[in-house]
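Heads up: the structure comes next, in C-alpha cells.
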Amino acid sequence: MSFTKILSVNLKHNFSVHFILAIAVAVLTPVVFSISSLDARASAQPIEMLLPFIGTILLTPVFLPEQNQEIRDVIRSKKTDYLIVCLIRVIYSVAAVMLITGLFVLAMKYCECDVTLKHFIGSSASSLFMGTVGFSVAGLSNSVSSGYMASMVYYAANIGLKDKLGICYLFSMYSGGDFSDKYLLILLSAIIIAIVFIILRKSDK
C-alpha cells in the first residue's frame, strides 16, 4: 500500500473524529479563558492550561484501530509494516497539533494579545508531551483507555505538584519558569515516541 493510500484511508476513517474534537477544544478555550488584550504572561494561561488536551486527543488513539487483536493480526499480515502505518499516524497527528496551536495563537494575536513565536513553541511542546504520555501508555499497554487515563493523571499531577515536575511541568510559561524547558520537552517527547516504537518492534519479533 502506498504512502498516499495509507494517509488517505487513515485520515478518513481514523483521524477525522479526533481532529474535530481537538478543534472543539480550541474553539471552547475562549469560553473558559479570555483571549483579548492579554499581556505575554497572561496569554500563556489558555494555551498551556487547555490546549494541551488537543495533544491527548490526537496522539493517544494512534493505536486505536488495531485495539482488537484479530484486526491487528490482519494488519500485520499485510505487506506494509504495521508500525510504519502507526508512524505515519504520529506524523500527521503532530502536524495537526501544531496547526491548531498555530491558528489559535494567531487568533490571540488578532485579539490584541501579546503573543510571540515562543507562545506557539511553548504551547506545542506542552500539547505534544501530554499527548506523548497518552500515546506511550496506550502503545505499551495495548489499551487506549489506559492512555487517556494516564494523560489525565499527568495533567492532574501538574496542577497538584506544579513546578516540582521540573522540565515536565506543562505550565512553565504562565508560572514564569525557564522557557528552555519547552525545548527539552519537545526533545523528550521525540525520545519517548522513539523508545515506544523500538519496544514495540522488539516485541513483534
Counting only N and O atoms by type, is there a donor-acceptor contact under 3.5 Å from the side chain of Tyr154 to the main-chain atoms of Cys168?
yes
Quick one: are Pro61 and Arg89 in side-chain contact, heavy atoms under 4.5 Å?
no
Hey, what do you get for CD1 (Ile192) to CG (Leu140), rounding to the nearest 0.5 Å?
10.5 Å
Ile193 reachable from Ile167 in the ILVMFWY side-chain graph, under 4.5 Å edges
yes
What residues form a side chain to side chain contact (heavy atoms under 4.5 Å, CB included) with Ala190, not counting sequence neighbours?
none
Sidechain-backbone polar pair: Glu48 side chain, Ser123 backbone, donor-acceptor under 3.5 Å
no
Quick one, Tyr148 with Ile57, criterion side chain to side chain contact (heavy atoms under 4.5 Å, CB included). Give me CA distance, side-chain angles, the key distance, then yes/no.
CA-CA 8 Å; Tyr148 284 123; Ile57 292 170; 5.6 Å; no
To the nearest 0.5 angstrom, please state how far the NZ atom of Lys118 sits from the OG atom of Ser43.
14.0 Å
State the CZ-CG distance between Phe197 and Leu87, to the nearest 0.5 angstrom.
5.0 Å
Closest heavy-atom pair and its distance - Pro46, Met108:
CG-CE, 3.9 Å
Which pair of heavy atoms, one from Cys86 and one from Val62, lies closest together, and at what distance?
O-CG1, 3.7 Å
Do Tyr174 and Ile54 share a hydrophobic cluster (ILVMFWY, side-chain heavy atoms under 4.5 Å, transitive)?
no
Donor-acceptor contacts, no H, no angles, side chain residues 95-106, under 3.5 Å, sequence neighbours left out:
from   : atom 1 : to    : atom 2 : distance (Å)
Thr101 : OG1    : Val97 : O      : 2.7

Kindly compute the distance separating OG (Ser141) from CZ (Phe63), expressed to the nearest 0.5 Å.
9.5 Å
Quick test of your reading: applying ring-ring contact (aromatic ring centres under 6.0 Å, His included), list the pairs with at least one residue in residues 35-56, sequence neighbours left out, ordered by first then second residue.
Phe53-Tyr155
Show which side-chain atoms of residues 128-138 pair as donor or acceptor with protein atoms under 3.5 Å away, not counting sequence neighbours.
from   : atom 1 : to     : atom 2 : distance (Å)
Thr132 : OG1    : Leu128 : O      : 2.7
Ser136 : OG     : Thr132 : O      : 3.0
Ser136 : OG     : Val133 : O      : 3.0

Heavy-atom donor-acceptor pair, His119 side chain to Ala40 backbone, under 3.5 Å:
yes
Hydrophobic clusters here meaning ILVMFWY residues chained together by side-chain heavy-atom distances under 4.5 Å, can you tell me if Ile198 and Ile88 are in one?
no
About how many Å separate OG of Ser172 and CG of Leu184, when rounded to the nearest 0.5 Å?
10.5 Å
For Phe19 and Tyr92, what are the C-alpha separation, side-chain angles and deciding distance, and is it a side chain to side chain contact (heavy atoms under 4.5 Å, CB included)?
CA-CA 11 Å; Phe19 185 64; Tyr92 66 60; over 6 Å; no
Please answer: with hydrophobic residues joined when any side-chain heavy atoms are less than 4.5 Å apart, are Leu50 and Val153 in the same cluster?
no
For residues 27-36, which side-chain N or O atoms pair as donor and acceptor with protein atoms under 3.5 Å away, sequence neighbours left out?
from  : atom 1 : to    : atom 2 : distance (Å)
Thr29 : OG1    : Val25 : O      : 2.7
Ser34 : OG     : Ser36 : N      : 3.3

Here the gap from Ser151 atom OG to Met149 atom CE, rounded to the nearest 0.5 Å, amounts to 11.0 Å
For a 4.5 angstrom cut-off between non-hydrogen side-chain atoms, does Lys182 reach Met173?
yes
Cation-pi check, Lys164 onto Tyr169 ring (under 6.0 Å, within 45° of axis)
no
Note, His18 side chain near Leu64 side chain (heavy atom, < 4.5 Å)
yes
Is the shortest side-chain heavy-atom distance between Asp114 and Leu38 below 4.5 Å?
no
With clusters defined by side-chain heavy atoms of hydrophobic residues (ILVMFWY) lying less than 4.5 Å apart, directly or transitively, does Ile20 cluster with Val144?
no
Closest heavy-atom pair, Ser126 versus Leu170, reported as atoms and distance to 0.1 Å, is OG-O, 2.9 Å
Among all residues two or more places apart in sequence or in another chain, which pass the side-chain hydrogen bond (donor to acceptor under 3.5 Å, both in side chains) test with Ser180?
Asp178
Determine whether a donor-acceptor pair (N or O, by modelled atom type, separation under 3.5 Å) exists between the side chain of Ser203 and the backbone of Leu200.
yes
